[in-house]
K.L.:
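Take a look at this one; I'll ask things after.
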Amino acid sequence: MVTPNPEFAKEIAAAGGEMVKMCFQCGTCTAGCPSGRRTSYRVRKLMRMAQLGLKDEIIASDELWECSTCYTCVERCPRQVPIVDIVVALRNISVAEGHMRPQHKGTAKNFAKIGHTVKVDDKITALRGQIGLAEVPPTVLANEKAMADVSKILALTGFDKIVQE
Amino acid sequence: MAKYAFFLGCIAPLRYPGIEKSTREVCKALGVELVDLKDASCCPAPGVIRAFNKKTWLAAAARNLALAEKEGLEIVTICNGCYGSLFDAAYELAHEPELLEEVNKILAEIGMHYNGTTKVHHFAEVLHREVGVEKIKEKVTNPLSYQVAAFYGCHFLKPSNIKNIDDPEDPSILDELIEATGAKSMPRKQKVLCCGAGGGLKAAFGDVAKKFTETNLENMKESGAQYIIDVCPFCHLQFDGVQKELGYNIPVLHLSQLIGLSMGMTAEDLALSAHITPVTL
């Protein structure tokens with residue numbers, strides 16, 4: 001037995017997913033979803049669960065993270081429901097409540113550490129030099145002050161808490 | 001002459017420098033001036049960073065947008081992820097004054113401000129709209145005769161209601177750009193199927209991502225394509241990195257590398273040694 005939680009709708013709305021209420025369950029999203037063809041992820045079901053407030057089931061599920069954000073459902077939705085925005089809102093809530101894949105934590109840590117989501121690779125650094133590019137790209141990687149600014153943004157928006165163990 | 005702030009992102013400069021190099025060369029040859037967007041960070045990645053914390057994503061994206069605004073330049077990206085992220089962030093900040101105000105409170109802490117004016121473009125869209133296929137044809141010195149698979153990816157054209165570049169279900173602009181080099185873009189099934197890497201899927205559920213990629217590779221093989229031509233270093237990484245274990249061998253080039261090749265750039269200049277699936281020209 002699951003208990004619907006009407007308060008969850010407010011949380012979703014606060015996270016940017018208020019349009020979930022517009023979904024009338026036609027299933028066009030699921031029919032065209034490339035992830036749904038390959039996994040147990042069902043977009044229509046996720047939208048219905050969100051409407052009903054089945055928070056615990058949603059935020060701990062693998063399915064929430066099986067959307068590749070390809071926007072096929074958004075393009076085809078006859079109600080113009082911004083489904084990817086709703087998935088993002090649900091994922092934000094899931095992460096805030098401590099449900100984060102270790103691999104995603106790794107990506108988040110890279111971003112927090114160097115301002116980029118992938119690590120610097122020495123071989124590529126050398127290759128950059130060989131083809132006449134600056135070995136260090138002219139990004140935050142080349143300016144400590146710029147990286148300090150990014151770190152401050154991360155701290156001010158609560159991202160540093162996400163990357164803590 | 002057109003002038004843009006060049007946003008590098010992460011995967012191109014740190015994994016496939018030949019994409020960055022060829023973009024610089026091709027733009028120079030076509031009269032598009034690129035000014036490095038110095039001090040920029042990751043866009044930040046829409047499928048992961050935005051999914052973890054939207055406030056962080058929006059504020060960090062606004063910082064990148066503000067860097068370009070200060071230079072008085074519109075941004076050009078070579079990655080669908082960067083394009084999707086920066087375009088979406090710019091759109092939200094231009095249409096929601098309250099969000100802009102909230103973001104500016106954060107930017108004020110680092111001595112910055114964003115007025116909400118920066119426009120964001122994709123390299124392929126700039127080439128098609130501003131340079132034009134005919135001008136690219138004029139600059140081709142080494143016409144190519146390859147049969148290739150055009151791979152659009154997702155965030156280049158979608159969501160189409162705000163991007164409005166091409167028909168997201170049946171696009172043609174990448175095919176037209178490819179054919180300007182002399183190469184032939186081969187028709188195939190499920191041309192707009194996602195590569196599988198986006199949305200954090202590659203990191204968290206790599207086997208699921210590979211299933212998407214495998215369907216694409218099978219359709220590309222069936223079409224007779226000798227190369228995969230993408231407009232996104234993340235799609236590029238996915239196709240380049242996983243196809244060996246899936247039993248395929250179709251080399252992958254970014255559009256900038258293909259056009260660079262048609263203008264006489266060498267394998268060394270294109271940094272093809274960084275590719276995992278060997279590229280033999």
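Letters A, B, ... mirror the listed sequences (proteins, then strands); counts begin at 1.
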K.L.:
Does any backbone or side-chain atom of F159(A) lie under 4.5 Å from a heavy atom of chain B? Answer side chain, backbone, both or neither.
P.N.:
both

K.L.:
What part of S35(A) gets within 4.5 angstrom of chain B, counting heavy atoms only: side chain, backbone, both, or neither?
P.N.:
both

K.L.:
Do you know which of V150(A), T117(A), L154(A), V74(A) has the most heavy-atom pairs with chain B at a distance under 4.5 angstrom?
P.N.:
T117(A)

K.L.:
Between R101(A) and F205(B), is there a side-chain heavy-atom distance shorter than 4.5 Å?
P.N.:
yes

K.L.:
Report yes if the side chains of P17(B) and I124(A) come closer than 4.5 Å at any heavy-atom pair, otherwise no.
P.N.:
yes

K.L.:
Checking heavy atoms, do the side chain of V84(A), its backbone, both or neither come under 4.5 Å from chain B?
P.N.:
side chain

K.L.:
Does R76(A) reach the side chain of E169(B), with side-chain heavy atoms less than 4.5 Å apart?
P.N.:
yes

K.L.:
I need the residue from T72(A), D149(A), V120(A) with the largest number of non-hydrogen atom pairs under 4.5 Å to chain B.
P.N.:
D149(A)

K.L.:
Using heavy-atom distances under 4.5 Å, tell me whether N110(A) contacts chain B through its side chain, its backbone, both, or neither.
P.N.:
neither

K.L.:
For V118(A) and I11(B), which heavy atoms make the closest approach, and how far apart are they?
P.N.:
CG1-CD1, 3.8 Å

K.L.:
Say whether T69(A) and R50(B), considering side chains only, have a donor N or O and an acceptor N or O under 3.5 Å apart.
P.N.:
no

K.L.:
So, do L8(B) and P138(A) sit near enough that their side-chain heavy atoms are less than 4.5 Å apart?
P.N.:
yes

K.L.:
Can you tell me which of A146(A), S68(A), G115(A) forms the most heavy-atom pairs within a distance under 4.5 Å of chain B?
P.N.:
S68(A)

K.L.:
Contact part of I93(A) toward chain B, heavy-atom cut-off under 4.5 Å: side chain, backbone, both or neither?
P.N.:
neither

K.L.:
With chain B as the partner, which of Q80(A), R128(A), K145(A) has the greatest number of non-hydrogen pairs under 4.5 Å?
P.N.:
R128(A)

K.L.:
State, yes or no, whether a side-chain contact exists between L141(A) and L14(B) at a heavy-atom distance under 4.5 Å.
P.N.:
yes

K.L.:
When you compare the side chain of L133(A) with that of E20(B), does any pair of heavy atoms fall below 4.5 Å?
P.N.:
yes

K.L.:
To the nearest 0.5 Å, what is the distance between CD1 (I153(A)) and OG (S41(B))?
P.N.:
7.5 Å

K.L.:
Rounded at 0.5 Å granularity, tell me how far SG in C70(A) sits from CG in L193(B).
P.N.:
8.0 Å

K.L.:
May I ask you to decide if the ring planes of F52(B) and W65(A) are parallel, tilted or perpendicular, using 30° and 60° as cut-offs?
P.N.:
tilted

K.L.:
Please state whether the side chain, the backbone, both or neither of T39(A) comes within less than 4.5 Å of a heavy atom of chain B.
P.N.:
side chain

K.L.:
Under a 4.5 Å heavy-atom cut-off, does chain B meet the side chain of V88(A), its backbone, both or neither?
P.N.:
both

K.L.:
Answer with side chain, backbone, both or neither: which region of R91(A) has an atom nearer than 4.5 Å to a non-hydrogen atom of chain B?
P.N.:
both

K.L.:
Please state whether the side chain, the backbone, both or neither of M147(A) comes within less than 4.5 Å of a heavy atom of chain B.
P.N.:
neither

K.L.:
Measure E66(A) against the heavy atoms of chain B and call it side chain, backbone, both or neither at under 4.5 Å.
P.N.:
both

K.L.:
Within the 4.5 Å heavy-atom criterion, are T157(A) and K54(B) side-chain neighbours or not?
P.N.:
no

K.L.:
Do the side chain of E268(B) and the main chain of I131(A) share a donor and acceptor less than 3.5 angstrom apart?
P.N.:
no

K.L.:
Against chain B, label T125(A) side chain, backbone, both or neither, depending on which of its atoms sit under 4.5 Å from a heavy atom there.
P.N.:
neither

